[in-house]
Amino acid sequence: QVQLVESGGGLVQAGGSLRLSCAASGFTFSNYAMGWFRQAPGKEREFVAYINWSGGPTSYADSVKGRFTISRDNAKSTMYLQMNSLKPEDTAVYYCAAYGGSGSYYYGPDYSYWGQGTQVIVSS
């Protein structure tokens, strides 16, 4: 059974930091590129960051570039998102997902597996 379980969300003041984790099971994690998406209240889900299967090439949305860092540990089947200099507009539910390998890595429907999400609230 495929599972992606996010953790690490919470309430933080603007300018603070959080580290999200995504623990994978039920599939060969090291074979999959991975991504983070987020959905704010009343808004569509949006791409946040991408990392390839080996942890090499990464990509970020312009809105988080320079503040967020995506990484992975294939030995632990876990992906991370280090979020620094958080802003109120970063408030959202954050989802991790496994990329299906075809299509665009910034396009949600091209991802095969999804977690349930973890809430991040940034207060001003």
Side-chain angles (χ1 to χ4, degrees):
Q1 180 182 358
V2 171
Q3 278 196 312
L4 291 171
V5 180
E6 301 94 337
S7 61
L11 174 64
V12 64
Q13 288 189 330
S17 298
L18 284 175
R19 189 194 196 202
L20 305 184
S21 298
C22 170
S25 61
F27 67 103
T28 306
F29 178 75
S30 59
N31 286 351
Y32 283 76
M34 299 290 294
W36 287 98
F37 288 76
R38 68 186 182 186
Q39 187 166 19
K43 295 188 177 181
E44 292 188 352
R45 182 177 60 192
E46 64 175 0
F47 168 77
V48 174
Y50 162 91
I51 188 167
N52 87 331
W53 64 271
S54 68
T58 58
S59 182
Y60 298 90
D62 287 343
S63 58
V64 306
K65 202 171 294 182
R67 300 188 297 122
F68 290 11
T69 302
I70 189 171
S71 62
R72 65 189 295 163
D73 184 339
N74 285 345
K76 296 182 178 180
S77 296
T78 302
M79 178 178 65
Y80 305 96
L81 186 68
Q82 178 67 44
M83 305 187 296
N84 298 328
S85 302
L86 283 161
K87 304 176 181 180
E89 51 264 43
D90 294 319
T91 294
V93 176
Y94 283 71
Y95 300 90
C96 68
Y99 177 57
S102 62
S104 301
Y105 62 79
Y106 52 82
Y107 185 54
D110 288 333
Y111 283 71
S112 300
Y113 309 127
W114 289 84
Q116 292 300 306
T118 185
Q119 176 74 60
V120 171
I121 299 174
V122 183
S123 63
S124 58

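In this text the structure is predicted, and so the values were computed from the model without any measurement.
Checked against the 6.0 Å centroid threshold, Phe37 and Phe47 count as a close aromatic pair. Tyr99 has its ring centre no less than 6.0 Å from the ring centre of Trp53.
Taken from OG in Ser123 to CG in Leu86, the straight-line distance is 10.0 Å, to the nearest 0.5 Å. Separation of atoms SG (Cys22) and CD (Gln3) is listed at 11.0 Å; rounding is to 0.5 Å. Here CZ of Arg72 is found 6.0 Å from CD1 of Ile51. Values are rounded to the nearest 0.5 Å.
Contact record, Met79 with Ile70: SD-CD1, 3.9 Å, taken as the closest heavy-atom pair. For Pro88 against Ala14, the heavy-atom pair with the smallest separation is CD-CB, 4.1 Å. Considering every non-hydrogen atom in both Ala98 and Tyr32, the closest pair reads CB-CD2, 3.9 Å. Taking all atoms of both residues into account, the shortest heavy-atom contact from Met34 to Leu4 is CE-CD2, 4.0 Å. Between Ala23 and Thr78, the shortest heavy-atom distance links the atoms CA-OG1, 4.2 Å.
Remark: side-chain polar atoms of Arg45 are not paired, donor with acceptor, to backbone N or O of Ala40 under 3.5 angstrom. Gln119 places no side-chain N or O within 3.5 Å of a backbone atom of Gly10 that could act as its donor or acceptor partner. Distance alone, capped at 3.5 Å, places no donor-acceptor pair between the Thr91 side chain and the Ile121 backbone. Checked by atom type and distance alone, the side chain of Tyr111 pairs as donor or acceptor with a backbone atom of Tyr105 at under 3.5 Å.
Looking only at side-chain heavy atoms (C-beta outward), Asn74 and Phe29 come within less than 4.5 Å of each other. Side chains of Thr69 and Tyr60 form a contact here, defined as non-hydrogen atoms less than 4.5 Å apart. Under the 4.5 Å side-chain criterion, counting only non-hydrogen atoms from C-beta, Trp36 is in contact with Glu6. Counting only heavy atoms from C-beta outward, the side chains of Leu81 and Val48 approach each other to under 4.5 Å. Counting heavy atoms from C-beta on, the side chains of Tyr80 and Leu20 never come closer than 4.5 Å. Taking the side chain as every heavy atom from C-beta outward, Val64 and Arg38 approach each other to under 4.5 Å.
Atom CD of Gln82 is surrounded by more than 12 heavy atoms from other residues, nucleotides or ligands within 6.0 Å. No more than 12 heavy atoms of other residues, nucleotides or ligands sit less than 6.0 Å from atom NZ of Lys43. Dense packing is recorded around CZ of Phe27, with more than 12 heavy atoms of other residues, nucleotides or ligands lying under 6.0 Å away.
Defined by atom type and a distance below 3.5 Å, a donor-acceptor pair is missing between the side-chain atoms of Ser104 and Asp110.
Salt bridge Lys65/Asp62: present, at least one basic N to carboxylate O contact under 4.0 Å.
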